[in-house]
Number of protein chains: 2
Amino acid sequence: MTQGTQGQGSTTSTLWDRTRQLAAQEILQTALRLFTQQGYDETTIAQIAREAGVSQRTLFRYFGTKEDLIGGSQERFVTLLTETVREQPADAGAWEALRAAFKAALSLHTGPEQALERLRLVHHTDSLRAAYLGKRVRCQEELLPLVEARLAPSAPVRGQARAIVATAFACFDAATATWLEGNGQGDILDLYDQGLAAVRS
Amino acid sequence: MTQGTQGQGSTTSTLWDRTRQLAAQEILQTALRLFTQQGYDETTIAQIAREAGVSQRTLFRYFGTKEDLIGGSQERFVTLLTETVREQPADAGAWEALRAAFKAALSLHTGPEQALERLRLVHHTDSLRAAYLGKRVRCQEELLPLVEARLAPSAPVRGQARAIVATAFACFDAATATWLEGNGQGDILDLYDQGLAAVRS
DNA sequence: CGTCTGATTGGCAGAGACTGCCAAATCTCC
DNA sequence: GGAGATTTGGCAGTCTCTGCCAATCAGACG
């Protein structure tokens, strides 16, 4: 590693953080490969660390949890979601804003191939699915005030915003599950629209 | 368990299973008491076993998981839900059937006091909330075919049933959260109706 | 009543995730 | 090249959970 002294690259700091990021990615790729090869529960931290060439201790320093090896990327997901909602024009309604956020979030997927593989893994592993749902709930709570500000001020119903946000996410999940069931056939956002339309008919 | 010579008794059976059930309840009460006293994560299995007067090994034989000490009662919840949906009159729509199921499930709570305490515990402990959500998803999947049979056969939209079930549960969760936020003020089913109305407006 | 069978329990060892602690290696800056 | 800061690795330990085996206990049979 040590590329010598070398200059200051374009982006930022110290050529050292770059090594760190490389190591992190190495760990991540190894983990993902093993997870898809032999299953999440059947893969031990020790094995990942060994094959990635780091100690267990450092692996836990990079990713605090085994679940974070998959769900860690959901961090970006969450921030993108909230920021997209926040950036929507002021006259956009709650449903519109949420839909735009989902659309933006879906663009994070590098390709349908990898998305299918990753989503399948999460959906078929109980512990991963549970962890994902937990983070999702926290994300909903973050979104709550932003959505509340976009409701018609005429009728302030108790728990209205919460119901709307929860419903949007539920339909998004349903769309993902349906998409997964059909092996990636169609577009998730279309399925979301259809599901929501069926609900609000 | 060999029913042995059978009993005849209505519910009881061998006087021995009764002891078992007693032990199980003893464990459960101890666990719940400790959880509410000092928190879920701060309570160890060893402590529960010690104070309940059993070995760790038997505790794990009764309840396979630490989470099951709380979520185990959700089993009844799930079965009641599915059976209530199944028992609804044939002409009841999907929304009606789901609402009836939630109403029936809510009647399981012994009182608002205990319900509040229990729900608060689950909602405020990350691991418990995640486990609860995981079981909830499985429950949704069980309900899926039952609800699908109650949809208007005219327009078979892909993923329609899944979106509806997910939405119903989402609104139920939102209602529970709102109810919890208001310290048990009002009726959960009313909040559910209001939330769903806000969504389907 | 003694014994025998089958189920339950308890203790022990161990796997696996995760955390604190301390020494060694490494990078940065002078 | 050396001082200081950061990172890494290894070790020990906690906690949940599982497999294994001996000890125990309720009931059945002679």
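Quick note on labels: first sequence line is chain A, next is B, and so on, each numbered from 1. Only heavy atoms go into these numbers, but all of them, side chains included; no hydrogens, no water, no symmetry mates.
Within the nucleic acid shown, A:F63 has no heavy atom closer than 4.0 Å to any nucleic acid atom.
Phosphate contact (OP1/OP2 of C:dT8, side-chain N/O of B:Y62, threshold under 4.0 Å): absent. Listed pair B:S55 / C:dG10 meets the phosphate criterion, a side-chain N or O lying under 4.0 Å from OP1 or OP2.
Put simply, the side chain of B:R136 gets close to the backbone of B:F169: a donor and an acceptor are under 3.5 Å apart. Although no hydrogens or angles enter the test, the distance criterion places no donor-acceptor pair under 3.5 Å between the side chain of B:R150 and the main chain of B:W95. Between the side chain of A:R86 and the main chain of A:L146, no donor-acceptor pair closer than 3.5 Å is present.
In this pair, B:F172 and B:Y192 present their aromatic rings perpendicular. The plane angle is above 60°, beyond the 30 to 60° band.
Within 6.0 Å of the CZ atom in B:R76, the count of heavy atoms belonging to other residues, nucleotides or ligands does not exceed 12. The environment of A:Q185 atom CD is sparse: at most 12 non-hydrogen atoms of other residues, nucleotides or ligands sit within 6.0 angstrom.
We find that CG of B:D68 is positioned 15 Å from C1' of D:dT18, with the value rounded to whole Å. Summarising the geometry, the separation between CD1 on B:I27 and C1' on C:dG10 is reported as 13 Å, rounded to the nearest angstrom. Rounded to whole Å, the distance from CG on B:L59 to P on C:dT8 is 16 Å.
Residues from residues 123-135 of chain A that place a heavy atom under 4.0 Å from any atom of DNA chain D: there are none.
No salt bridge links B:R162 with B:E148; every basic N to acidic carboxylate O contact stays at or beyond 4.0 Å.
In this structure, B:K66 forms no cation-pi arrangement with B:F35, as its terminal cationic atom is not both closer than 6.0 Å to the ring centre and no more than 45° off the ring axis.
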With the sugar-phosphate defined as primed atoms, P, OP1 and OP2, and the base as all remaining atoms, what B/S/- string results for nucleotides 16-23 of chain C, 5' to 3', for protein heavy atoms under 4.0 Å?
SSBBBB--
